[in-house]
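Inspection log for the structure reproduced underneath, given as structure tokens.
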Amino acid sequence: MEQETILVVDDNKEIVYSISELLKYEGYNTVKAYDGMEALKALEANRIDLILLDVMMPRMNGLSALMKLREKYRIPVIILSAKTEESDKVSGLMLGADDYVEKPYNPSELTARVKAHLRRYHTWGVGAPKEDEDRIVNGGLVLDKKQRIAIAEGEEVRLTATEYKILLLLMENLGQVFSAEQIYEKVREESANFAVENTVMVHIRHIREKIEIDTKKPRYVKVVWGIGYKMEKYR
């Protein structure tokens, strides 16, 4: 299989170097750029499979470059954003970025997201399957009701019967918060007792391990402290 090539774009040359070395260690080729204009030129000159794109850069910033490249390219783009730049993350996703990673980045999280988005892109191309009566789609998460399986970032996930029912409940009701007791009663179809909270918590943990790229920073199944759990609408 031909090595995949990742374009790393940041005006901080040390960051570009460290990310490039990390990706090379993982078996990827890298192309370097230090502002948006260089990134667009690199796209014209190279076959790029994924872009890691900083926001704050001279000459042409990351968001301007993103708008420009999306006119022609549909390859995955992951925004590199400082924690304080929440508006940049939102703007990036609205302009067509596929994900974001906060700076300072965790190397294992960064490589996990790169692998997940490349896998998703090679499986689905420019987008996830369309939602229909047999499938519920939320970002890179697809629940196939006919096969009773989940597909997370292009990879099939096998669920237990209980995990499937919990995930179905949450995905059919995006944004709605359910207490542990409500989840138990809807899934098991029996009254909850005082011990159900731990039972549901274990099931939620197992679901996260199967569908989340990083269980420490879950994108889909969120805890609403003191209340319960919900499925966050992705993007």
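Since the structure is predicted, the reported quantities are computational estimates derived from the model, not experimental observations.
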Which atom pairs, donor and acceptor, lie under 3.5 Å between side-chain atoms of residues 199-207 and protein residues at least two apart or in another chain?
none

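E163 contributes no side-chain N or O that, together with a main-chain N or O of L159, makes up a donor-acceptor pair within less than 3.5 Å. Judged purely by atom type and a 3.5 angstrom limit, E197 has no side-chain atom pairing as donor or acceptor with the backbone of E181. With hydrogens and angles ignored, the 3.5 Å screen pairs no side-chain donor or acceptor of N61 with any backbone N or O of M57. For the pair R119 (side chain) and H122 (backbone), a donor-acceptor distance under 3.5 Å is absent. Checking side-chain atoms of E212 against main-chain N and O of V221 turns up a donor-acceptor pair under 3.5 Å.
Residues L80 and Y17 are members of separate hydrophobic clusters, defined by side-chain heavy-atom contacts under 4.5 angstrom among Ile, Leu, Val, Met, Phe, Trp and Tyr. Connection of L141 to V157 is established within a shared hydrophobic cluster, with ILVMFWY side chains joined at heavy-atom distances below 4.5 Å, either directly or through further cluster members. Clustering ILVMFWY residues whenever any of their side-chain heavy atoms sit less than 4.5 angstrom apart, transitively, puts V77 in a cluster other than the one holding I213. When hydrophobic clusters are built by joining Ile, Leu, Val, Met, Phe, Trp and Tyr residues whose side-chain heavy atoms come closer than 4.5 Å, directly or via intermediates, I227 is not grouped with V223. When hydrophobic clusters are built by joining Ile, Leu, Val, Met, Phe, Trp and Tyr residues whose side-chain heavy atoms come closer than 4.5 Å, directly or via intermediates, Y184 is not grouped with V224.
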Step by step, work out the side chain to side chain contact (heavy atoms under 4.5 Å, CB included) result for V177 and Y229. CA-CA 5 Å; V177 182; Y229 304 93; over 6 Å; no

Can you list the steps and then say if I51 with I6 is a side chain to side chain contact (heavy atoms under 4.5 Å, CB included)? CA-CA 6 Å; I51 305 171; I6 298 172; over 6 Å; no

What do the steps show when you test L169 against M231 for side chain to side chain contact (heavy atoms under 4.5 Å, CB included), and what is the final call? CA-CA 9 Å; L169 173 67; M231 170 67 67; over 6 Å; no

Apply salt bridge (Lys or Arg N to Asp or Glu O under 4.0 Å) to D214 and R219, showing your working. CA-CA 8 Å; D214 184 354; R219 295 293 176 91; over 6 Å; no

Please test L22 against T111 for side chain to side chain contact (heavy atoms under 4.5 Å, CB included), starting from the C-alpha separation and ending with a verdict. CA-CA 8 Å; L22 174 67; T111 55; 3.7 Å; yes

Assess whether salt bridge (Lys or Arg N to Asp or Glu O under 4.0 Å) is satisfied between K103 and D54, documenting all intermediate values. CA-CA 10 Å; K103 292 179 178 179; D54 184 37; 2.9 Å; yes

Please assess Y105 against S81 for the test side-chain hydrogen bond (donor to acceptor under 3.5 Å, both in side chains), listing each intermediate value before the final yes or no. CA-CA 9 Å; Y105 64 88; S81 168; over 6 Å; no

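The minimum heavy-atom distance linking D10 with N12 is given by the pair OD1-N, 2.8 Å. The shortest non-hydrogen separation linking D49 to P76 is O-CD, 3.2 Å. Between A39 and L7, the shortest heavy-atom contact is O-CD2, 3.7 Å. In terms of heavy-atom proximity, G175 sits nearest to K230 at O-CD, 3.9 Å. Across every non-hydrogen atom of G36 and A65, the tightest pair is CA-CB, 3.7 Å. Shortest non-hydrogen contact noted between F178 and L170 is CD1-CD2, 3.9 Å.
At a threshold of 4.0 Å, the pair R158-E156 counts as salt-bridged, since one of the basic side-chain nitrogens sits closer than that to a carboxylate oxygen. Ion pairing between a basic and an acidic side chain is recognised when a charged N comes within 4.0 Å of a carboxylate O; K145 and D134 show no such pairing. Residues K24 and E21 are paired through a salt bridge, judged by an N-O separation under 4.0 Å between the basic side chain and the carboxylate.
Two residues are said to be in side-chain contact when any heavy atoms from C-beta on lie closer than 4.5 Å; L110 and N106 fail this criterion. You'll find the side chain of I183 stays beyond 4.5 Å of the side chain of R188, heavy atoms only. Counting heavy atoms from C-beta on, the side chains of I78 and H117 come closer than 4.5 Å. Side-chain contact between I48 and V31: present, with at least one pair of heavy atoms (C-beta onward) separated by less than 4.5 Å. In this structure, L52 and V114 have side chains that are in contact, with non-hydrogen atoms separated by less than 4.5 Å.
Residue-environment remark: NZ (K186) stays at or below the threshold of 12 foreign heavy atoms within 6.0 Å. No more than 12 heavy atoms of other residues, nucleotides or ligands shown are found within 6.0 angstrom of CD on E14. Within a 6.0 Å sphere centred on NZ of K165, other residues, nucleotides and ligands contribute 12 heavy atoms or fewer. Residue-environment remark: NZ (K210) exceeds the threshold of 12 foreign heavy atoms within 6.0 Å.
Defined by atom type and a distance below 3.5 Å, a donor-acceptor pair is missing between the side-chain atoms of Y25 and S20. With hydrogens and angles left out, the side-chain atoms of D144 and Q147 include a donor and acceptor closer than 3.5 Å.
We find the CG-CG distance between L53 and D98 to be 11.5 Å, quoted to the nearest 0.5 Å. We find the CD-OH distance between E232 and Y220 to be 11.0 Å, quoted to the nearest 0.5 Å. N29 contributes atom CG, which lies 4.0 Å from atom CD of Q3 (distance to the nearest 0.5 angstrom). To the nearest 0.5 Å, the span separating CE on M60 from CG on L66 amounts to 11.5 Å. In this structure, CG in L167 is found 10.0 Å from CD in E172, a value given to the nearest 0.5 Å. Of the inter-residue distances, the one linking L143 atom CG with N138 atom CG reads 10.5 Å to the nearest 0.5 angstrom.
Stacking of K13 on the aromatic ring of Y34 is recorded, both the 6.0 Å distance cut-off and the 45° axial limit being met.
When each of K115, E155, E153 is tested with R120 by the rule side chain to side chain contact (heavy atoms under 4.5 Å, CB included), just one qualifies, namely E153.
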